[in-house]
Undergrad: 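Can you read through this structure? Questions will come right after.
Since we're looking at a predicted model, the values are computed, not measured. Quick note: residue numbers are just sequence positions, from 1.
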Amino acid sequence: MKKVLLATTAIIASASAAAADVTLSGSGRFGIVYDSSQDAANESKTKIEKRMTINIDGTGSTDTGLEFGGRIRLRSDEGDASGAAGSANVWLGNDMFRITVGNTDGALVNRIAYFDGTVGLTGLHDADNSFNIGTSQFLLNTYSSRGNAGDIVRLDFNVGGLGVSLSTDSTGDHLSNGSEDSIAASYNFGDWTVAGGYAKNANNSAASAGEQDLWSFSVAGQISDFAVNVNYSDLETVGSKAVLSGSYTFDATTVTAFVAHTDEDSFNSAGIGATGDETEYGLGFTHNLGGAVLAGGVSRNYTEETMADLGVRFAF
C-alpha cells in the first residue's frame, strides 16, 4: 500500500508540474562607470558595475479562456551583502483587457515612450526621461526591482492600435492619502505610436495642498534605419521638460543620442536656478556580440556633472 501511495503521489506531482507554467529568465551586466560628481575626499570617480537579475514568472488559464499569472524578481548589484527581492505582482485578463495588482508600472509609464533615448550600459543620469525634471526624479509609479514602493492597481484595455490604461496606488494599509491616480492612452499606426497621459498627485503628497499633477506625451517612430522619439512632461509648480532622441542602426551597431531642455516654473523650482544648466544631453552605442551586447555611453545632466560607462550585458 505504501508503494502504491508513493507511486500515486509521484504521478500526481508530475501531472501538476506538467500543468503548471513557471519559467525563469534573467539578465546580467558588468563594466565600469565614471561619475564626475563623486569628488569627496577619499572618493573615486570610477567604480566597477555589476548586476544580476532573475525573473520568476508563473502563468495559467481558466476554463473560460482568461489568462492569469504573476512575477517576482530577484536582483543583486555591486556592493550588495546579499540579493534583494522585489515585491510581486499578479494579473488576470485576455487580449483586450488585463488587471495587474502589486509591484508594476503606473498608467503613464506603461503607455508613454519615456525610455527610448536611454544611453550607456546603465542609463547613466536617466536624463533622457522627461518626467525626471531637475531634482524631481522618478516620481511616477514605476516597477521596483528591489523592495516594494507601494502596491499599484492598473487596468489595461487594448482594441486594435488603441490602448488605454488607468492606475492607482496604495500602501496596502487601507489609507488613500498620497495616492497617484493616472490615465494614459496610446495609438499605434504602422511604424509610429503616439501617447499621452495625466497623473493626479504624481508626487504622492499626503496633503492635498502639496499635490503636484503631471501631464506627459510622446511620439515615437521608425524611418528606415532611424528611430526617433519626442517625449514631454509638465509637473505642476516645478517645470516642464522636452526630450528629443534618435537612434541609427548599421550592421550590428546602434548609436543613440538625446538632448533635453527644462523650463522651471519659477527660479530654482526644479533645483536648477543659477548654478545648474537647463540643457542635458547624452550619446551612447550598443554592439551585438551574438548572444551578448557591448554597450557604453556618456551623459551630462542639469547639475553640469558628467557620467560615462562601458561594459557588457546579456539576457538568458
Side-chain angles (χ1 to χ4, degrees), residues 20-33 47-60 67 69-80 82-91 98 100 102-105 109-129 138 142-149 154 156 188 191 193 220 222 225-227 229 245-258 282-299 307-316:
D21 189 359
V22 178
T23 60
L24 294 177
S25 63
S27 62
R29 72 188 190 198
F30 63 88
I32 189 168
V33 177
K47 71 166 187 172
I48 296 299
E49 165 70 22
K50 178 272 298 180
R51 170 172 289 177
M52 175 73 172
T53 301
I54 297 293
N55 300 313
I56 306 171
D57 292 283
T59 58
E67 298 178 341
R71 162 173 285 197
I72 190 167
R73 173 173 287 178
L74 310 177
R75 172 166 288 178
S76 174
D77 290 301
E78 73 282 348
D80 286 346
S82 61
S87 180
N89 66 56
V90 291
W91 54 267
R98 175 179 287 195
T100 305
N103 178 15
T104 189
D105 290 332
V109 175
N110 187 54
R111 293 288 175 186
I112 295 175
Y114 288 120
F115 306 104
D116 284 8
T118 299
V119 297
L121 176 71
T122 62
L124 301 173
H125 291 115
D126 294 304
D128 59 294
N129 179 338
F138 285 100
T142 308
Y143 180 86
S144 173
S145 295
R146 303 172 67 89
N148 183 4
R154 193 185 73 237
D156 299 319
N188 173 264
D191 293 331
T193 300
Q222 192 82 23
D225 294 327
F226 291 89
N229 171 278
S245 66
S247 299
Y248 176 65
T249 300
F250 55 97
D251 298 326
T253 301
T254 298
V255 177
T256 301
F258 76 87
L283 176 67
F285 80 95
T286 61
H287 181 76
N288 192 332
L289 301 174
V293 174
L294 176 68
V298 59
S299 75
M307 289 188 71
D309 62 14
L310 179 66
V312 175
R313 63 173 179 248
F314 44 85
F316 47 85

Undergrad: Is there a side-chain contact (heavy atoms from CB on, under 4.5 Å) between Val119 and Phe258 once you walk through the steps?
TA: CA-CA 8 Å; Val119 297; Phe258 76 87; 4.0 Å; yes
Undergrad: Side chain to side chain donor-acceptor pair (under 3.5 Å), that's the test. Do Ser144 and Asn103 meet it? Break it down for me.
TA: CA-CA 7 Å; Ser144 173; Asn103 178 15; 4.9 Å; no
Undergrad: Between Phe250 and Val255, does a side-chain contact (heavy atoms from CB on, under 4.5 Å) hold up when you go through it step by step?
TA: CA-CA 9 Å; Phe250 55 97; Val255 177; 3.9 Å; yes
Undergrad: Is the shortest side-chain heavy-atom distance between Val22 and Ile56 below 4.5 Å?
TA: yes
Undergrad: Work out which heavy atom in Arg73 is nearest to a heavy atom in Asn55; give both atom names and the distance.
TA: NE-OD1, 2.7 Å
Undergrad: Determine, stepwise, if the pair Ile48 / Glu78 fulfils side-chain contact (heavy atoms from CB on, under 4.5 Å).
TA: CA-CA 7 Å; Ile48 296 299; Glu78 73 282 348; 5.7 Å; no
Undergrad: Below 4.5 Å, heavy atoms only, C-beta onward: do Glu67 and Trp91 meet side chain to side chain?
TA: yes
Undergrad: How many angstroms lie between atom CZ of Arg71 and atom CG of Asn89, to the nearest 0.5 angstrom?
TA: 7.5 Å
Undergrad: Can you give each donor-acceptor pair under 3.5 Å made by side-chain atoms of residues 282-292, sequence neighbours left out, with the distance rounded to 0.1 Å?
TA:
from, atom 1, to, atom 2, distance (Å)
His287, ND1, Thr253, OG1, 2.7
Asn288, OD1, Gly290, N, 2.6

Undergrad: Applying side chain to side chain contact (heavy atoms under 4.5 Å, CB included), can you list everything that pairs with Ala88, at least two apart in sequence or on another chain?
TA: Ile72
Undergrad: Look at the side chain of Asp116 and the backbone N and O of Ala220, then say whether any donor-acceptor pair between them is shorter than 3.5 Å.
TA: no
Undergrad: Decide whether Asp21 and Thr59 meet the rule of one side-chain donor and one side-chain acceptor closer than 3.5 Å.
TA: yes
Undergrad: In residues 308-316, what donor-acceptor pairs under 3.5 Å come from side-chain atoms, sequence neighbours left out?
TA:
from, atom 1, to, atom 2, distance (Å)
Asp309, OD1, Leu121, N, 3.1
Asp309, OD1, Gly297, N, 3.2
Asp309, OD2, Leu121, N, 3.0
Asp309, OD2, Thr122, N, 2.9
Asp309, OD2, Thr122, OG1, 2.8
Arg313, NH1, Gly120, O, 3.4

Undergrad: Any side-chain donor paired with an acceptor under 3.5 Å for Asp225 and Thr249?
TA: no
Undergrad: Looking only at atom types and distance, does a side-chain atom of Asn229 sit under 3.5 Å from a main-chain N or O of Ser245, one as donor and one as acceptor?
TA: no
Undergrad: Under the criterion side-chain contact (heavy atoms from CB on, under 4.5 Å), I'd like the reasoning laid out for Tyr143 against Val109: C-alpha separation, chi angles, the key distance, then a yes or no.
TA: CA-CA 9 Å; Tyr143 180 86; Val109 175; over 6 Å; no
